[in-house]
Protein chains: 2
Amino acid sequence: MRYHSRHKAEVRQQIIRMASYRFRSEGMDAVGIANLMSDLGLTHGGFYSHFRDKEALVAAACRHGFDELQQRLAEVLAAVPPDERLATLVEHYLSPAHRDRPDDGCVAAALGGEMARRDQPSRQAFTAGVEAQLALLAHCQPQRGGCGGMTASVALALMVGALLLSRAVSDPELSLRFLEEAKRALMPPAD
Amino acid sequence: MRYHSRHKAEVRQQIIRMASYRFRSEGMDAVGIANLMSDLGLTHGGFYSHFRDKEALVAAACRHGFDELQQRLAEVLAAVPPDERLATLVEHYLSPAHRDRPDDGCVAAALGGEMARRDQPSRQAFTAGVEAQLALLAHCQPQRGGCGGMTASVALALMVGALLLSRAVSDPELSLRFLEEAKRALMPPAD
DNA sequence: CGCTTTGCATGATGATCATCATCGTAAAAA
DNA sequence: TTTTTACGATGATGATCATCATGCAAAGCG
């Protein structure tokens, strides 16, 4: 090998990382291979020695995005007493900061809509990520039943939907309303 | 004018109608002008005499999609006693049939993710549609408070999120779980 | 120090994209 | 019947797309 043996793997990782950001912020169709590679100081030629096609990159980027979030969240939640974990997670997920940084945020909310139209490999990677999110959510329910009596899948659907709508809507007030009211619905109702 | 005076308006309406279907089922970026026009037996040339640019079509298609749904729902709900309206709406929205026909379904669920990245005109049309949905939802809450104690914006976010995830996920069982559990959460809890 | 290996660059392919300028033609108006 | 008018067809523009075939140059191995 002409570079040290890790080099190819490192470049591959960089491609995936950059793709996972740009896909989330611009959409998967809007990011071209050549443009993406040039972000890393490379040209489009080498791409196909790393991935069979764009679909393979989408799947890898999807996995990477979920893994990264999962890991980051696990760290944050571990530092918080168990009965505050749900509140911490919800507060973070439904914050304006998360709304305004889709590139660094939840893959499900950023790419869920387009995922429904993709091929099997990508959708499988996406599904695995969603399942991991569900497990994490179920794991930090304060007591039996879950978030204000919701199951994990209901809580996830609500969070994803609220974040998605808060991003799509052009009225800042309505945008905030989606975040705030979802937050309230997810937090334990009593003081 | 060479055709009868309604002709141009009719063609315009057909373009919008077709666009609103194809945008929902294929995504707004994936549908090209030339391809869309050829669906109507026309060529790409005349498009720009109907719309300033593609963005204008997106906004119009968005309005059309919401209007159509709003009208169809209003008809269905009017034929149902007030205390069954919420259940009817939820049952319909979270049905596998709706999941499997995005082209004929909710604009918010199909295009919400991509809407966040579009220009102002489209997002304003989208926002107006969302507001109409919220009003309709608030209007068919069975009693004070709303769907199992949810506000309209929470109910909408949950429905949109559940439908979106049920479409994106590749596991049929998980897909159904999103629909069923969201349904349960939205229906009045007591028998 | 030369050989082999291979990651990446170069460039081509053919397709599609949004947009616009031009023009024929068919229908309405006269 | 003749004139007018504008819808929509044709074709060009320049950009970008995913994908692949070829070739260079550098790094590890001998």
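The sequence lines fix the lettering, A, B, ..., with proteins before strands; numbering per chain opens at 1.
Judged as a salt bridge (Lys or Arg N to Asp or Glu O under 4.0 Å), not a single pair has a partner in residues 40-53 of chain B (not counting sequence neighbours). Residue pairs meeting the side-chain hydrogen bond (donor to acceptor under 3.5 Å, both in side chains) criterion with at least one partner in residues 55-68 of chain B, sequence neighbours excluded, are B:Y21-B:E68, B:E55-B:R118, B:E55-B:S122.
Going from atom CD1 of B:I15 over to atom P of D:dC7 covers 12 Å, rounded to whole Å. Atom CZ in A:R12 sits roughly 12 Å away from atom P in C:dC8 (whole-Å rounding).
Remark: B:E180 engages B:K183 in a salt bridge, criterion side-chain N to carboxylate O under 4.0 Å.
Between the side chains of A:T127 and A:R123, not a single donor N or O lies within less than 3.5 Å of an accepting N or O. Side-chain N/O atoms of B:S170 and A:Q124 include no donor and acceptor closer than 3.5 Å.
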Nucleotides 14-19 of chain D: protein proximity per nucleotide (B base, S sugar-phosphate only, - neither; heavy atom, under 4.0 Å): ---SSB
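Base engagement by B:T43 is indicated by at least one non-hydrogen atom pair under 4.0 Å involving a base atom.
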